[in-house]
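Numbers restart at 1 for each chain; the letters A, B, ... are given by sequence-line order, proteins then strands. These numbers were taken from a predicted model, which means no experiment stands behind them.
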2 protein chains.
Amino acid sequence: MNRERPYSKAIARLREAGLRPTRQRLALAKLLFESGNRHISAELLHGEARRAGIRVSLATVYNTLHQFTAAGLMNEIVVDPTRSYFDTNTAEHHHFYFVETGRLEDIPDGGVGPMELPEPPPGTTIKRVDVVIRLDGNDS
Amino acid sequence: MNRERPYSKAIARLREAGLRPTRQRLALAKLLFESGNRHISAELLHGEARRAGIRVSLATVYNTLHQFTAAGLMNEIVVDPTRSYFDTNTAEHHHFYFVETGRLEDIPDGGVGPMELPEPPPGTTIKRVDVVIRLDGNDS
DNA sequence: GTGATTGCAAATCTTTTGCACTAAA
DNA sequence: TTTAGTGCAAAAGATTTGCAATCAC
């Protein structure tokens, strides 16, 4: 790890994904990927970026999240009809959703036991299996 | 079953739910509940109602779907960030989602084997578990 | 009659798009 | 340079809301 070039990892990640490492992509990548798994909406990420002094428009945040998702760096999670969430954890895993606060949390590995899946209808293939456990009650 | 009063069942259903059986609620209830399990968006239901000669506004369709959901007659399913779907089947069950066409289909009972669920975080209780199997490929 | 319900249009909110400008290679 | 990426403001959708008119009881 090269401590003199704090962006080298992010740059490499973007290059591998075929994305030009621009100022705003780098800054967003740093926010997204360098503090563990994150579940975040475009609006929230935009706010966080501005607070961190990064000049970036909301439109660019949306574009960037979709580009990262298309490149396989993130996944989009659908749990709330009014807002899109993006997840930096691209491994197969499932979620707790705190209905009252709108917060998403990973279910620790092995939390949902292996399940028997049905045969997909003819002509189709399973792309992804999402399990969402909706929770009532106080967020932690 | 009283064949001379085709609305009696729908009227009873609404009354039990504490909803005044108005013209449009009755008509929508008939469309929704009298042809098996349905997965439908507000926009689609509105179109169907108009084609059936029912005069109802899109706003009322939205309101009605939410009232039916609050009354426990339906469930809202979240699979598509751009549209809300409502399901007339209120029993615990899971879904196939045809990504390319946006169609939802029930997974037959027993299709998803019983699964081991994690302990909900302290202070919370499980409200619902949703399993969505996203499918690529041709819709049937 | 009187209070709940409806329709319409306007408002709101999230997300996308068009296009001139800027920056990366 | 040359082309991809960005910002802004406007557009596009989906959904909600305010309020006068209408309907169920």
- Could you tell me whether the phosphate oxygens of C:dT15, OP1 or OP2, come under 4.0 Å of any side-chain nitrogen or oxygen in A:Ser84? yes

- Query: Which word best sums up how the rings of B:His66 and B:Phe86 line up, parallel for under 30°, tilted for 30 to 60°, or perpendicular for over 60°?
  - Reply: perpendicular

- Smallest separation among heavy atoms of A:Phe98 and B:Pro121, with atom names: CZ-CG, 4.0 Å

- Hey, is the main chain of A:Val56 close enough, under 3.5 Å, to the side chain of A:Arg50 for a donor-acceptor pair? yes

- Item | Those residues that, when tested against B:Tyr62, pass ring pair (Phe, Tyr, Trp, His ring centres under 6.0 Å) (two or more places apart) | none

- Query: For DNA chain C, what residues of residues 40-61 of chain B have any heavy atom nearer than 4.0 Å?
  - Reply: B:Arg55, B:Val56, B:Ser57, B:Ala59, B:Thr60

- Note on the structure: By salt bridge (charged side-chain N to carboxylate O under 4.0 Å, His left out), A:Arg83 pairs with (sequence neighbours left out) A:Asp80

- Message: Rounded to whole Å, please give me the gap between CG in A:Leu26 and P in C:dA24.
- Response: 9 Å

- Task: May I ask you to list the residues sharing a hydrophobic cluster with B:Tyr85, side-chain cutoff 4.5 Å, ordered by chain and number?
- Result: B:Ile77, B:Val79, B:Tyr97, B:Val99, B:Leu104, B:Val132

- Item | Residue list, ring pair (Phe, Tyr, Trp, His ring centres under 6.0 Å) with B:His95, at least two apart or on another chain | B:His39, B:His93

- Message: List the residues meeting side chain to side chain donor-acceptor pair (under 3.5 Å) with B:Thr90, not counting sequence neighbours, and say none if there are none.
- Response: none

- Give a yes/no answer on whether the side chain of B:Arg25 brings an N or O atom under 4.0 Å of OP1 or OP2 in C:dT5. yes

- Note on the structure: By salt bridge (charged side-chain N to carboxylate O under 4.0 Å, His left out), B:Arg13 pairs with (sequence neighbours left out) none

- Item | Contacts of A:Arg15 that satisfy salt bridge (charged side-chain N to carboxylate O under 4.0 Å, His left out) - sequence neighbours left out | none

- Note: contacts of residues 62-77 of chain B with DNA chain D (heavy atom, under 4.0 Å) are B:Tyr62, B:Asn63, B:His66

- Angle between terminal axes - the helix from C:dG1-D:dC25 to C:dA25-D:dT1, 5 pairs each end, rounded to 10°: 30°

- Check the pair A:Glu100, A:Arg134 against salt bridge (charged side-chain N to carboxylate O under 4.0 Å, His left out), reporting the backbone distance first and the verdict last. CA-CA 10 Å; A:Glu100 287 155 33; A:Arg134 282 163 209 281; over 6 Å; no

- Who are the side chain to side chain donor-acceptor pair (under 3.5 Å) partners of B:Glu43, not counting sequence neighbours? none

- Item | Residues B:Thr125, A:Leu135; criterion side chain to side chain contact (heavy atoms under 4.5 Å, CB included); working and verdict | CA-CA 5 Å; B:Thr125 54; A:Leu135 300 171; over 6 Å; no

- Rounded to whole angstroms, how far apart are CG on B:Leu14 and P on C:dA4? 17 Å

- Note on the structure: B/S/- along nucleotides 20-25 of chain D (protein heavy atoms under 4.0 Å) is ---SBS

